[in-house]
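Excluded from the calculations below are hydrogen atoms, water molecules and symmetry mates; all remaining heavy atoms, backbone and side chain alike, are included. In listed order, ligands and their atoms are each counted from 1.
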Amino acid sequence: MRSDRGADSPTADQATVRRHNLAVVLTHLRDNGPRSRARVADDTGLNKATVSSLVAELVDRRLVREGEAERGAVGRPGQTIGLDGEHVVALAAEVNVDFIAALAMNLRGEVVAERRVPLDTAGSEPAPVLNELAALVKRVAGPLQRGGARPAGLAVAMPGLVETATGILDDAPNLGWSKVRVRDELGERLGGLGVEIRLENEANVGALAEVAARSGSSVRNLLLLTGAAGVGGGIVTAGRLVRGEHGFAGEVGHMRVDPAGRRCGCGQRGCWETVVGLNALLAAAANRNDPVRDPALDVAERLAELDRRAAAGHGRTLAALDDVATWLALGAGMLVNVLNPEVLVLGGWFAALGHHLAEPLEADLAAHVYAPGAGGCRVECSTLGFSAALRGGALQVLDAVFDDPTVVAPGDHTNEPRPRRSTR
Ligand SMILES: [Zn+2]
């Protein structure tokens with residue numbers, strides 16, 4: 001049954017048109033930079049009076065502000081309008097094996113605060129980890145809020161099967177967590193923040209960040225392999241994220257590549273991530289008491305140490321990397337045969353040690369892929385480090401604002417904050 005309540009009323013139609021026009025103006029300013037109202041009217045085909053009224057509302061919602069210099073033109077301050085980079089921020093948080101992280105991004109897509117904290121999440125119950133995560137989000141958001149910024153939403157990225165609609169983490173074998181009500185649990189801990197929380201799979205949002213990072217070259221078919229304890233796949237095909245029927249697409253780490261192999265966290269034997277996941281590399285490269293295997297240390301520092309060993313010609317490290325490269329090519333070949341991506345992006349630890357992996361992978365892909373020249377697929381290392389999932393999550397929050405600027409309530413202008421500089 002369809003509800004027709006208000007569908008024929010002119011006010012409902014007018015509100016819809018106005019929301020659409022607010023989105024047009026805000027998105028236009030994002031895509032084209034600061035400019036005068038008259039120019040926005042010319043560019044968008046909206047009339048000047050309408051643009052003035054829309055801009056007034058966007059200013060009231062703290063989404064745009066006056067006085068930005070017009071790109072490529074000379075204009076007096078006050079004549080141009082541009083995105084407000086101070087007053088609305090998107091928040092993102094992540095729980096992964098060995099770390100938790102949080103990030104804030106302004107409306108211009110610039111990261112204004114980011115923190116990553118080493119934490120043995122896999123050795124913990126969900127509740128204390130979510131306590132730590134909530135505290136971290138508050139540490140990131142707090143100073144921005146005190147400077148006058150308001151969060152537009154919080155995206156939470158997790159490694160595993162995520163039900164975005166319910167906010168439940170169905171299963172994360174590398175954390176040892178299943179059926180965790182992440183959205184609700186975190187919502188209780190962050191009640192004061194007053195934000196909508198959205199749960200996402202880390203590889204999915206990571207892939208969105210990788211596409212955004214390549215916006216200049218308009219990549220439309222991309223496969224991200226996230227290298228962590230496990231391996232996730234983020235698939236973008238024809239410009240759209242592939243989620244599958246229940247949002248569980250891309251669990252590439254559990255392709256069985258060696259039925260007689262090691263037991264995987266998922267219960268199967270010989271999954272791809274048992275041979276290319278970070279734990280597989282660490283176990284092959286170092287003894288158990290070696291600091292590179294200590295989850296209390298920052299994962300980027302541990303990888304930098306492995307990189308130093310490889311550069312110094314350390315035999316065990318190089319053999320471990322060679323082994324991973326061989327298995328990586330085998331699984332990546334299967335995926336490239338199925339998906340024919342334009343770019344295969346190595347993320348996470350794969351990128352941190354990318355100069356040992358990307359070249360042999362690209363060479364081997366040609367042998368594993370039926371289409372000539374690996375179907376035109378090139379291998380690139382992510383430049384987003386361990387921030388890809390956070391950035392992708394924040395971009396999703398921003399997308400919701402650009403789609404409908406009215407999700408951000410009009411601001412309280414009675415308590416004007418001091419101008420504040422980026423905390424990055
Ligand atoms: Zn598995």
Side-chain angles (χ1 to χ4, degrees), residues 94-99 120-126 129 157-164 168-180 182 199-207 223-235 242-285 288 293 295 299 320-321 323-339 344-351 353 357 361 368 386 388-389:
E94 179 177 9
V95 177
N96 219 313
V97 178
D98 296 353
F99 71 87
D120 184 12
T121 53
S124 307
E125 290 294 313
V129 172
M158 304 277 298
L161 299 179
V162 159
E163 294 176 19
T164 294
I168 292 173
L169 176 69
D170 217 55
D171 190 38
N174 291 304
L175 294 175
W177 296 10
S178 66
K179 303 287 179 208
V180 182
V182 174
L199 189 63
E200 284 285 357
N201 171 273
E202 44 117 32
N204 284 353
V205 280
L223 170 64
L224 167 68
L225 298 177
T226 64
V231 178
I235 304 163
V242 174
R243 291 180 180 275
E245 178 70 12
H246 295 291
F248 299 160
E251 288 297 333
V252 300
H254 301 286
M255 299 189 298
R256 291 182 87 185
V257 295
D258 183 10
R262 279 193 292 274
R263 184 72 72 186
C264 177
C266 74
Q268 300 244 46
R269 203 172 267 288
C271 292
W272 195 29
E273 67 184 39
T274 67
V275 285
V276 300
L278 181 57
N279 291 341
L281 174 84
L282 294 175
R288 191 173 291 277
R293 292 180 65 176
V299 63
L321 283 166
D323 207 33
V324 167
T326 302
W327 283 110
L328 196 56
L330 183 95
M334 295 178 190
L335 295 169
V336 171
N337 273 320
V338 173
L339 299 167
L344 189 164
V345 182
L346 296 178
W349 88 259
F350 296 141
L353 296 174
L357 299 174
L361 174 58
H368 287 289
F386 286 91

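For the atom pair CG of L169 and CH2 of W177, the computed distance is 7.5 Å after rounding to the nearest 0.5 Å.
In this structure, the side chains of R293 and R288 come closer than 4.5 Å at one or more pairs of heavy atoms. Inter-residue side-chain proximity for M158 and L175 is flagged as met; some heavy-atom pair is nearer than 4.5 Å. Side-chain contact between L335 and M255 is present, with at least one heavy-atom pair separated by less than 4.5 Å. Between L328 and L346 the shortest side-chain heavy-atom distance falls below 4.5 Å.
Below the 2.8 Å limit, the Zn ion (ligand 1) has as protein N, O or S neighbours H254 ND1, C264 SG, C266 SG, C271 SG.
Considering L330, T274, V276 in turn, L330 is the only one that fulfils the side chain to side chain contact (heavy atoms under 4.5 Å, CB included) rule with V257.
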